[in-house]
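The residues of the chain are indexed from 1 along the displayed sequence. Not measured: the values here are computed from a predicted model.
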Amino acid sequence: MHEKMIQAEESQPDDSNDNIRTDKTDIPEDSSDDSDKSSDAGSNNGGANPRASALSHQEEDDEEDKAEERVRKPGFTGSVKYFFLEFMDQFHTLRHIAGRFVNNMDMQLFIVFLIAVNGLMMGIGTFDFVKENEKATNIFETTDLIFLIIFTVELGLQFLYHGWRLFLDGWLIFDFLIITISWSFSEVQIIRSFRIFRALRLITRIKVMKNLILALFSVIPRMFAIGLLLFLVSYIFAVMFTQLFKDLYEEGHTSYNYFSRLDDTFLTLFQIMTLDNWSEIAREVMKVYAWAWLPFIAFVIITGFVVVNLIIAVICDAVSALEDEERAKLYGTGDDESSINDESQHPALQEDVREQLDVLETYIDELTNMQEQTLRTLQILTRQMEDHKDAVGIKDTADTNQTPG
């Protein structure tokens with residue numbers, strides 16, 4: 001009996017030693033697994049430089065952090081953060097759907113049709129058979145309100161898609177001002193007559209008209225210089241004509257008061273510049289001063305034939321340059337430097353680039369959402385695999401401990 005107790009006491013340290021050995025042997029296996037993973041990572045990286053590998057690991061860590069943020073965590077803060085991120089995902093999805101709907105070509109053509117019909121109805125509403133008929137007037141007013149609601153919904157979808165960037169687009173700002181003024185002064189009878197300005201929204205929808213307006217804006221500096229020259233020439237001739245012919249009306253030689261004051265002379269010279277019945281004015285003055293034809297013809301040649309035609313030439317040059325840009329963009333011709341300069345001088349190309357960037361941004365957001373969903377799925381699968389691996393490891397350890405020494 002005593003010998004059996006001694007043998008039992010001797011066998012107990014052996015079991016504990018075995019347990020210690022098994023625990024120690026488990027540690028190297030884990031470390032070996034880590035070393036295998038690190039060696040596999042090193043073999044996968046190949047000969048890449050350490051900085052690039054570090055950056056890739058940093059990007060992977062950032063993606064894992066983003067994926068972890070999307071997982072619902074316990075507690076009130078975790079639930080709020082989870083629902084906020086889910087809400088933002090749904091909001092971005094809704095925003096892209098609204099953008100694709102409102103900027104669709106068929107939808108834009110439908111809006112153009114509605115703007116044209118609304119403008120025609122405003123014109124028809126000025127006839128007596130509508131204004132004198134109360135029922136017809138109410139029908140026209142209700143129809144106009146329906147058109148305004150449709151335009152407001154369209155602008156709201158644009159705001160949902162663009163957000164605060166809507167106020168960076170000049171055309172959308174123009175639509176916003178027109179619709180806001182239509183709602184703000186809908187009860188003021190005098191201001192309501194300006195509702196026809198809603199027809200100007202056709203410019204923002206028809207590309208040819210939009211390019212023409214952009215071409216005019218691109219030559220504003222040159223137009224300003226020409227306008228300044230025209231004002232200087234007109235001022236010189238206005239002062240001269242006022243000093244020479246100011247007493248003709250008081251003496252009864254002219255039928256109208258053409259040159260008695262500087263402002264009257266400016267109006268008369270503007271009429272002469274447009275070639276509107278200028279010869280009759282000149283003949284009335286020539287009855288008193290036979291040499292008066294000389295300043296009249298000089299003013300007509302300088303303003304009517306030179307300056308005005310110079311304005312037309314500048315506008316035609318801007319339109320021609322815009323067509324050359326479109327042709328170069330279509331066929332890929334033109335120098336790089338000239339294309340860069342044209343892009344900075346003409347806003348039409350910038351508008352097209354902005355539209356393409358919006359489309360690319362939409363695609364990038366969709367790809368980002370798909371990537372986040374994929375990362376979320378991979379994280380769930382990884383956790384399930386880790387749980388399964390832990391369960392298998394615990395089972396193997398239990399089987400090992402139950403195996404007799």
Side-chain angles (χ1 to χ4, degrees), residues 84-122 142-186 191-192 194-218 322 326 329 343 346-370:
F84 176 75
L85 294 175
E86 288 294 329
F87 171 76
M88 292 304 297
D89 284 341
Q90 297 297 328
F91 176 75
H92 285 302
T93 303
L94 178 63
R95 186 171 70 89
H96 295 310
I97 292 174
R100 286 194 296 268
F101 173 75
V102 76
N103 292 316
N104 187 22
M105 183 59 66
D106 296 334
M107 184 63 183
Q108 291 297 314
L109 292 176
F110 178 67
I111 294 296
V112 169
F113 173 75
L114 292 181
I115 294 173
V117 172
N118 190 18
L120 289 175
M121 291 192 65
M122 288 182 184
T142 305
T143 306
D144 183 75
L145 180 61
I146 293 173
F147 279 121
L148 183 58
I149 292 173
I150 294 174
F151 297 150
T152 305
V153 171
E154 187 255 345
L155 182 64
L157 292 175
Q158 291 284 6
F159 183 76
L160 177 63
Y161 174 62
H162 292 282
W164 63 270
R165 290 187 301 138
L166 179 139
F167 298 100
L168 300 178
D169 191 332
W171 302 112
L172 293 178
I173 292 175
F174 179 78
D175 291 345
F176 177 79
L177 292 176
I178 292 294
I179 294 175
T180 303
I181 292 173
S182 298
W183 281 110
S184 301
F185 301 101
S186 59
I191 304 298
R192 289 177 65 189
F194 293 96
R195 292 177 301 176
I196 190 60
F197 282 111
R198 266 184 272 170
L200 289 176
R201 297 182 69 224
L202 286 173
I203 298 175
T204 66
R205 297 298 188 276
I206 301 175
K207 188 174 182 180
V208 176
M209 299 176 67
K210 185 190 295 186
N211 290 340
L212 181 59
I213 297 299
L214 291 174
L216 291 177
F217 277 110
S218 66
L322 187 63
E326 293 290 337
K329 185 170 63 174
E343 182 178 353
H346 296 280
L349 188 59
Q350 296 178 0
E351 183 73 18
D352 294 336
V353 172
R354 190 181 297 111
E355 292 177 357
Q356 295 176 4
L357 289 176
D358 290 337
V359 174
L360 289 176
E361 184 181 0
T362 303
Y363 291 151
I364 290 172
D365 290 338
E366 292 177 354
L367 291 175
T368 303
N369 292 330
M370 293 174 61

Test Asp144 against Met121 for side chain to side chain contact (heavy atoms under 4.5 Å, CB included), laying out the working first.
CA-CA 8 Å; Asp144 183 75; Met121 291 192 65; over 6 Å; no

Quick one: does Leu212's side chain get under 4.5 Å of Val208's, heavy atoms only?
no

All side chain to side chain contact (heavy atoms under 4.5 Å, CB included) counterparts of Phe159, not counting sequence neighbours
Leu166, Phe167

Test your reading of the model: is there a side-chain donor-acceptor pair from Ser218 to the backbone of Ala215, 3.5 Å cut-off?
yes

From CD1 (Ile150) to CG (Leu145), nearest 0.5 Å
10.0 Å

State, yes or no, whether a side-chain contact exists between Phe151 and Asn118 at a heavy-atom distance under 4.5 Å.
yes

Could you measure the distance from the CG atom of Leu202 to the CG atom of Leu114? Nearest 0.5 Å is fine.
10.5 Å

What are the two closest non-hydrogen atoms of Tyr161 and Arg95, and how far apart are they?
O-NH1, 2.8 Å

Calculate, to the nearest 0.5 Å, the distance between atoms OG1 and CE belonging to Thr93 and Met88 respectively.
10.5 Å

Hey, does Phe101 have a side-chain heavy atom less than 4.5 Å from the side chain of Asp106?
no

Tested for side chain to side chain contact (heavy atoms under 4.5 Å, CB included) against Leu157, the lone hit among Asn103, Val102, Thr152 is Val102

How many angstroms lie between CD1 in Ile115 and CD1 in Ile203, if you round to the nearest 0.5 Å?
10.5 Å

Any side-chain heavy-atom pair from Asp169 and Phe176 closer than 4.5 angstrom?
no

Interatomic distance, Asn104 atom CG to Leu109 atom CG [nearest 0.5 angstrom]
9.0 Å

Is it the case that over 12 heavy atoms from other parts of the model lie below 6.0 angstrom from the CE atom of Met370?
no

Spacing of CG belonging to Leu200 relative to CG belonging to Asp175, to within rounding of 0.5 Å:
10.5 Å

Are side-chain heavy atoms of Met107 and Arg100 found at a separation under 4.5 Å?
no

